[in-house]
Amino acid sequence: MGFLHPHGRHGPRHGGPRLSPRARPVASPGRDLALTYRGLDQAHLKGARALVRVDFNLPMNDGQVADDTRLRAALPTIERLRAGGAKIILLSHFDRPKGRPNPAMSLAPVAPALAVLMGRPVSFVSDCIGEAADAAVERLAPGDVLLMENVRFHPGEEADDPTFIQALARNGDLYVNDAFSTAHRAHASTAGLAHKLPAFAGEAMRRELDALEAALGSPMHPVLGVVGGSKVSTKLDLLCNLTRKLDALAIGGGMANTFLFANGVDVADSYCEKDLADTAREIMASAKAGGCELLLPLDVVVAERLEAGAPATTRPLDSIKPGERILDAGPRTVARLMNAMDKARTLIWNGPLGVFEVPPFDHATNAAARHAGALAKSGKLIAVAGGGDTVSALNQAGAADDFTFVSTAGGAFLEWMEGKTLPGVAALQH
Ligand code: 3PG
Ligand code: MG
């Protein structure tokens with residue numbers, strides 16, 4: 001199973017599932033529709049200006065790249081374009097600046113981090129369209145790499161606006177999409193450009209599509225899901241869909257608090273979206289109706305402050321005290337999750353179980369990740385994970401390399417799991 005590690009700590013491996021190098025059929029779970037797309041082997045690269053959509057929406061900490069997985073994922077495409085003599089122009093979003101320039105969401109700190117990884121200079125330009133962008137592209141020689149500023153500083157990006165697409169396209173002879181993790185967005189740089197310029201799937205995109213199809217196209221049951229993290233409101237819809245597909249679903253992280261609250265638990269000062277209690281109840285009902293066993297926390301780790309080394313206490317659900325916040329899953333919860341992993345054949349994991357960035361609230365995530373990794377390593381479980389935070393958490397636990405496949409994608413990963421059409425993948429179809 002080692003071949004399904006395209007984004008493991010040691011970088012891409014070769015020898016993955018091989019399809020025809022030309023038209024690659026892509027079938028996503030639950031759909032018959034076969035997509036075909038062109039790889040870089042079919043692109044004329046010499047001297048061409050390649051607009052490359054990457055996903056450098058990286059976990060950052062105080063202006064420093066906290067996890068460079070997505071940078072490393074882009075290297076094979078950049079190297080291939082360089083070797084072919086293309087001028088490489090990297091486009092990405094970072095965070096959600098809502099169509100306005102925002103210095104706190106600049107991609108500027110990413111250029112030096114990429115340069116260090118590549119061992120070559122990477123230039124940066126403070127806008128992705130307009131005079132500055134045009135001039136920066138004009139200066140490029142074959143093999144040069146230029147990173148442009150956050151495409152979401154312009155409202156035209158998320159609106160997939162034709163004028164904005166045209167302003168981007170004038171600096172490219174061809175378009176390469178290497179960002180599976182943003183393929184669920186129908187934006188100018190993820191979908192619009194693919195209709196405007198000759199479009200190709202980059203190396204990471206190809207590996208991701210090939211590996212997800214091989215691992216998840218027709219999963220072995222029982223399938224267990226782990227969904228955690230704090231993006232509660234954005235994930236409730238996904239949870240609803242997952243409960244129809246999976247045999248069991250464990251819910252952790254901040255979003256679990258909303259479910260506990262909906263079940264009448266006093267979550268005290270915990271992060272909780274109380275207005276989503278009805279939605280949480282609907283999801284629980286839909287899980288029950290669909291035969292998906294929902295694994296909510298049985299016990300929790302609480303503290304009064306979210307601080308490294310803060311005094312932490314394990315509590316049963318009925319004795320959380322005023323002023324306390326739930327920051328991790330408790331040991332009974334983790335033991336039951338490990339047991340569910342032992343019984344499962346396939347595991348799909350998105351999101352940490354607690355505030356894994358702040359010890360000691362990393363215990364549940366670390367323990368569960370290592371258990372899943374060990375099962376996958378011994379061939380007992382197909383363990384697939386996705387999501388920026390998830391990748392960081394698995395790396396921190398030292399479990400990422402043992403997983404069958406670690407995707408760099410978050411929302412796109414889950415939407416793929418639901419069998420939805422991803423606009424960024426569909427736009428590469430020819
Ligand atoms: C991600 O990090 O999941 C992708 O970069 C997409 O980001 P978005 O959810 O802001 O579109
Ligand atoms: Mg997202």
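In listed order, ligands and their atoms are each counted from 1. We use all heavy atoms of the structure for the numbers below, so side chains are in, but hydrogens, waters and symmetry mates are not.
With ligand atoms numbered from 1 in the order given, ligand 1 contributes 8 (P), 9 (O), 10 (O) to contacts under 4.0 Å with heavy atoms of Arg96. Taking every heavy atom of Arg185 and a limit of under 4.0 angstrom, the matching atoms of ligand 1 come to 8 (P), 9 (O), 11 (O). For ligand 1, the atoms closer than 4.0 angstrom to any heavy atom of Ser181 are 4 (C), 6 (C).
Considering backbone and side-chain atoms together, His184 places no N or O closer than 3.5 Å to any N or O of ligand 1.
In the model, Asn395 has a side-chain atom that pairs as donor or acceptor with a side-chain atom of Asp67 under 3.5 Å. Defined by atom type and a distance below 3.5 Å, a donor-acceptor pair is present between the side-chain atoms of Ser286 and Thr243.
Between Arg152 and ligand 1 there is a heavy-atom distance shorter than 4.0 Å.
Between atom 2 (O) of ligand 1 and the options Thr182, Asn57, Asp55, the minimum heavy-atom separation is to Asn57.
Taking a cutoff of 4.0 Å between a charged side-chain nitrogen and a carboxylate oxygen, Asp144 and Lys87 do not qualify as a salt bridge.
Listed for the Asp62 side chain is no donor-acceptor partner under 3.5 Å among the backbone atoms of Gln64.
Contacts with ligand 1 closer than 4.0 Å are made by side-chain heavy atoms of Arg70 only, the backbone lying farther away.
No side-chain heavy atom of Val358 sits under 4.5 Å from any side-chain heavy atom of Glu307.
The environment of Arg281 atom CZ is dense: over 12 non-hydrogen atoms of other residues, nucleotides or ligands sit within 6.0 angstrom.
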